[in-house]
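Structure first, then comments.
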Amino acid sequence: MSVAVTPRVPTLVPAGTAVTVPPRRSLVVRAAGRFGKALLQICVWTVGLFWLLPTLGLFIESLRAPADNSATGWWTVLRRPAQLTLSNYVNLMQNKDILGSLWNSVLITVPSTVLVVGLGALAAYALAWIDFPGRNWLFALTVALIIVPVQVAIIPDAAVFRALHIYGDVPAVVAFHVAFGLPFAIFLLRDFFAGIPRDLLEAARVDGGSELAIFRRVVLPIGRPAIAALAVYEFIWVWNDLLVALVFADSAHAPITYQLLSQMRTFSSNIDLIGPGAFVSMLVPLVVFFSFQRYFVHGVLAGSDK
């Protein structure tokens with residue numbers, strides 16, 4: 001009587017599909033990794049606190065009475081929090097010179113930002129996608145203008161503004177900021193616009209779109225992150241400017257930075273007015289930055305994968 005023998009078929013395991021378990025790290029390695037991460041966090045927090053310490057001190061000084069600021073340091077508020085008061089900010093809001101300088105800052109910063117972004121975007125689109133003689137040479141000249149220092153043009157521009165009878169007024173400050181902001185704006189936006197797919201623009205031209213319509217309906221929506229980043233950068237730069245205001249603006253049309261400088265006394269600082277004024281001046285750029293933070297980050301990172 002014969003017995004049937006069932007052949008053994010080996011189990012085949014596909015190559016590369018075996019589950020591998022990572023080697024277990026030793027206790028020393030794990031402790032070193034956790035300690036290194038904690039040490040890094042401590043270093044970051046320490047650097048951040050040292051960086052913010054002067055700003056914190058100025059903010060506390062702005063909340064103390066002038067007599068307290070003259071008698072003791074700002075750190076004494078940790079033991080005597082009753083020193084804190086809002087009287088300095090109330091007095092600031094009643095100062096007509098400070099309020100007028102804040103309005104002058106708005107009149108200078110907003111038109112400068114709008115003109116730089118608008119004219120820069122139009123010029124960048126032309127240099128990126130419109131063929132005309134000398135386009136590359138014009139772009140090279142624009143890039144070269146970025147390295148021209150502001151101090152070089154102060155005296156010639158002052159003579160031009162005097163001839164135009166706008167020296168000392170807001171238009172002179174705006175014109176100077178626009179002239180020196182345009183080269184960087186064109187350079188930044190031109191590189192971003194050049195990365196737009198050509199087929200997208202050609203399809204818009206085949207559909208009968210004019211260059212202005214293509215710029216408005218295709219380029220601007222795609223370039224919104226870069227445009228927003230440029231607008232935030234230009235706004236903060238113009239708002240915090242002091243040199244141009246000192247040269248081209250008189251006291252009646254001076255921005256907040258000029259007015260805060262004028263509050264400096266001969267032998268001491270008028271901290272009860274400068275402190276609140278500095279923080280009110282900081283508030284506007286902070287609001288603008290956090291309002292456009294998402295676009296600003298996208299614009300800064302745009303083109304990083306090219």
Side-chain angles (χ1 to χ4, degrees), residues 108-150 152-153 156-157 160-161 164 166 171-239 241 244 288-289 291-306:
I108 292 173
T109 306
V110 173
S112 299
T113 304
V114 172
L115 289 174
V116 167
V117 173
L119 297 177
L122 289 171
Y125 172 72
L127 291 172
W129 292 109
I130 299 179
D131 293 328
F132 58 89
R135 184 183 66 173
N136 294 332
W137 287 103
L138 182 59
F139 178 68
L141 178 61
T142 303
V143 174
L145 291 176
I146 298 178
I147 65 175
V148 176
V150 176
V152 172
D157 283 352
V160 173
F161 294 155
L164 296 176
I166 61 174
V173 184
V174 172
F176 193 91
H177 281 301
V178 171
F180 271 84
L182 275 176
F184 177 76
I186 296 172
F187 170 74
L188 175 67
L189 295 180
R190 188 263 180 190
D191 287 345
F192 188 88
F193 291 165
I196 299 176
R198 179 181 294 272
D199 295 340
L200 187 63
L201 301 180
E202 293 297 335
R205 291 190 178 98
V206 170
D207 291 339
S210 62
E211 295 295 339
L212 185 59
I214 295 173
F215 173 77
R216 182 168 54 89
R217 297 181 180 180
V218 178
V219 176
L220 286 184
I222 296 177
R224 186 179 301 171
I227 294 174
L230 174 64
V232 172
Y233 174 83
E234 185 67 20
F235 187 96
I236 296 176
W237 178 268
V238 177
W239 182 274
D241 171 73
V244 179
V288 172
F289 175 78
S291 299
F292 295 92
Q293 182 181 12
R294 178 166 60 93
Y295 296 107
F296 182 79
V297 174
H298 290 172
V300 171
L301 296 179
S304 60
D305 57 344
K306 295 180 181 179

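At a threshold of 4.5 Å between non-hydrogen side-chain atoms, the residues Ile214 and Arg205 count as touching. Inter-residue side-chain proximity for Asp241 and Thr109 is flagged as unmet; no heavy-atom pair is nearer than 4.5 Å. Put simply, the side chain of Ile236 does not reach to within 4.5 Å of the side chain of Val288, judged on heavy atoms. In this structure the side chain of Leu200 reaches within 4.5 angstrom of the side chain of Ile222, judged on heavy atoms.
The salt bridge (charged side-chain N to carboxylate O under 4.0 Å, His left out) pairs that include a residue from residues 177-186 number zero, where partners must be two or more places apart or lie in different chains. Pairs of residues two or more places apart, or lying in two chains, never qualify as salt bridge (charged side-chain N to carboxylate O under 4.0 Å, His left out) while including a residue from residues 228-237.
Remark: Trp239 pairs with Phe235 by the ring-ring contact (aromatic ring centres under 6.0 Å, His included) rule, at least two apart or across chains. Remark: Phe180 engages Phe176 in a ring-ring contact (aromatic ring centres under 6.0 Å, His included) (not counting sequence neighbours). With sequence neighbours excluded, the residues forming a ring-ring contact (aromatic ring centres under 6.0 Å, His included) with Phe161 are Phe248, listed by chain and number.
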All N/O donor-acceptor pairs, side-chain side in residues 119-128, below 3.5 Å, sequence neighbours left out:
{"residue": "Tyr125", "atom": "OH", "partner": "Glu211", "partner atom": "OE1", "Å": "2.5"}

Could you give the side-chain donor-acceptor pairs of residues 131-147 under 3.5 Å, partners two or more places apart or in another chain?
{"residue": "Asp131", "atom": "OD1", "partner": "Arg135", "partner atom": "NH1", "Å": "3.2"}
{"residue": "Arg135", "atom": "NH1", "partner": "Ile130", "partner atom": "O", "Å": "3.4"}
{"residue": "Thr142", "atom": "OG1", "partner": "Leu138", "partner atom": "O", "Å": "2.9"}

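Ala172 approaches Ile166 most closely through the heavy-atom pair CB-O, 3.2 Å. Smallest separation of non-hydrogen atoms from Leu182 and Val116: CD2-O, 3.7 Å. Taking each heavy atom of Gly223 and Phe193 in turn, the nearest pair found is CA-CE2, 4.1 Å.
Distance check, rounded to the nearest 0.5 Å: CZ of Arg217 to OG of Ser210 gives 8.0 Å.
Note: Trp237 and Tyr233 have parallel aromatic rings, judged against thresholds of 30 and 60 degrees for the angle between ring planes.
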